[in-house]
Amino acid sequence: MNRILLYFVIIISSNLLGQNSKNIEIPTSNKKDTIINHFAYSVSYNHKFRQANWVAYQLTKKELIKIVDRADKFIPDPLIKGTDNAIDYKGSGFDRGHLAPAADMRFSEIAMKESFYFSNMTPQNPSFNRGIWNSLEEQTRKWTEKYDSLYIVAGPILSDSLSKIGIHQIAVPKYFFKVILDNRHKHPKAIAFLILNEGSKEDLQKFVLSVDELERITGYNFFSLLPDDIEIQIEKKSCYECWENN
DNA sequence: CTGCCCACC
DNA sequence: GGTGGGCAG
């Protein structure tokens with residue numbers, strides 16, 4: 001993890017989602033990275049590693065209504081140059097894994113289309129993508145049903161030492177993270193996950209860590225637009241038991 | 001069984 | 001576009 005920590009020494013913060021009054025601030029790691037606010041999600045694209053640093057979006061219970069079917073049409077991000085990454089995944093043995101899940105985007109044709117932009121894709125071990133990562137996505141949708149509205153950030157852990165695939169040398173992350181914030185109540189709560197890019201039979205609880213710990217690993221500063229006392233409180237410890245799992 | 005994740009043709 | 005597979009609920 002040391003190399004990962006070193007890589008993210010330089011941190012540039014942005015008021016990305018804060019501008020949308022969503023009380024959530026996500027930083028990026030490099031001035032050269034491209035930040036785009038799509039209709040359904042925001043993305044920080046890392047050109048060096050040819051994938052997103054993170055994607056962030058709010059998911060509401062209303063958006064879980066299924067208006068459209070899965071599109072399955074992978075296309076370059078029209079707003080980000082250098083995202084024509086189809087050739088690199090082909091035959092690589094890795095899935096074109098969604099960071100923002102297509103199943104979270106069934107409320108809108110536009111959102112569904114956006115979820116298949118290659119800026120939202122990252123090389124995932126098929127067993128990881130279709131297994132534990134999918135489980136976390138499904139759990140997140142259940143939590144959205146229960147808590148009405150959640151803020152979600154997902155991304156890879158990127159570093160120079162990663163192996164690469166394709167002519168564009170797309171980095172294959174060893175880990176992926178997800179952070180979820182419930183900001184509905186007077187006492188908001190957050191939970192973070194860090195999972196190896198491999199199949200796993202373990203319970204999701206095994207991959208829980210505090211937001212503070214994830215911030216140390218990624219170099220990102222999550223939720224910095226929240227009032228300081230609340231931010232400190234919810235980031236200090238992830239309470240899996242606080243999130244009812246059904 | 002369906003839904004979601006896909007690859008491949 | 002279609003077909004087929006793994007996996008979880």
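Letters A, B, ... are given to chains in the order of the sequence lines, protein chains preceding strands, and every chain is numbered from 1. Heavy atoms only: backbone and side chains are in, while hydrogens, waters and symmetry mates are out.
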Under the side chain to side chain contact (heavy atoms under 4.5 Å, CB included) test, which residues partner A:Q233, sequence neighbours left out?
-> none

Considering residues at least two apart in sequence or located in another chain, which fulfil the side chain to side chain contact (heavy atoms under 4.5 Å, CB included) criterion with A:K237?
->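 Partners of A:K237 under the side chain to side chain contact (heavy atoms under 4.5 Å, CB included) test: none.
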
Pairs involving residues 80-91 of chain A, ordered by first then second residue, that meet salt bridge (charged side-chain N to carboxylate O under 4.0 Å, His left out) (sequence neighbours left out) = A:R50-A:D84

With heavy atoms under 4.0 Å as the rule, sort A:E137 into base, sugar-phosphate or nothing.
->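 Answer is sugar-phosphate: A:E137 comes under 4.0 Å of backbone atoms only.
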
So what does A:K66 touch, heavy atoms closer than 4.0 Å: a base, only the sugar-phosphate, or nothing?
->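 The answer is sugar-phosphate, as A:K66 gets under 4.0 Å only of primed atoms, P, OP1 or OP2.
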
Under 4.0 angstrom between A:N129 side-chain N/O and B:dC5 OP1 or OP2 |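 So the side chain of A:N129 is outside the cut-off, no N or O lying under 4.0 Å from OP1 or OP2 of B:dC5.
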
What is the distance, rounded to the nearest whole Å, between atom [atom1] of [X] and atom [atom2] of [N]?
| X | N | atom1 | atom2 | value |
| --- | --- | --- | --- | --- |
| A:F116 | B:dC4 | CZ | P | 11 Å |
| A:N125 | B:dA7 | CG | P | 12 Å |
| A:R70 | B:dG3 | CZ | C1' | 10 Å |
| A:K142 | B:dC4 | NZ | P | 13 Å |
| A:R130 | B:dT2 | CZ | P | 20 Å |
| A:W133 | B:dC4 | CH2 | C1' | 15 Å |

Do any of residues 88-113 of chain A sit with a heavy atom less than 4.0 Å from DNA chain B, and if so which?
-> A:G91, A:F94, A:D95, A:R96, A:G97, A:H98, A:P101, A:A102, A:A103, A:R106

Is the distance between the ring centroids of A:W243 and A:Y147 under 6.0 Å?
->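 Distance test on ring centres: under 6.0 Å, yes.
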
Hey, are the side chains of A:Q51 and A:P173 touching, using non-hydrogen atoms and a 4.5 Å cut-off?
-> yes

Side-chain donor-acceptor contact under 3.5 Å, A:D104 with A:Y57 | yes

Result of checking A:N125, A:N129, A:T122 against A:D95 for side-chain hydrogen bond (donor to acceptor under 3.5 Å, both in side chains) =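 For A:D95, the side-chain hydrogen bond (donor to acceptor under 3.5 Å, both in side chains) test succeeds with only one of A:N125, A:N129, A:T122, which is A:N129.
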
When hydrophobic residues are tied together by side-chain contacts of less than 4.5 Å, even through go-betweens, does A:V55 share a cluster with A:I75?
->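 Yes, it is one cluster - the side chains of A:V55 and A:I75 are joined through contacts under 4.5 Å.
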
With A:F193, which residues qualify under ring-ring contact (aromatic ring centres under 6.0 Å, His included), at least two apart?
->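 So A:F193 forms no ring-ring contact (aromatic ring centres under 6.0 Å, His included) with any residue.
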
Between which nucleotides of DNA chain C, read 5' to 3', does contact with chain A run, using atoms under 4.0 Å from its heavy atoms?
->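 Counting from the 5' end, contacts occupy C:dG5 to C:dA8.
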
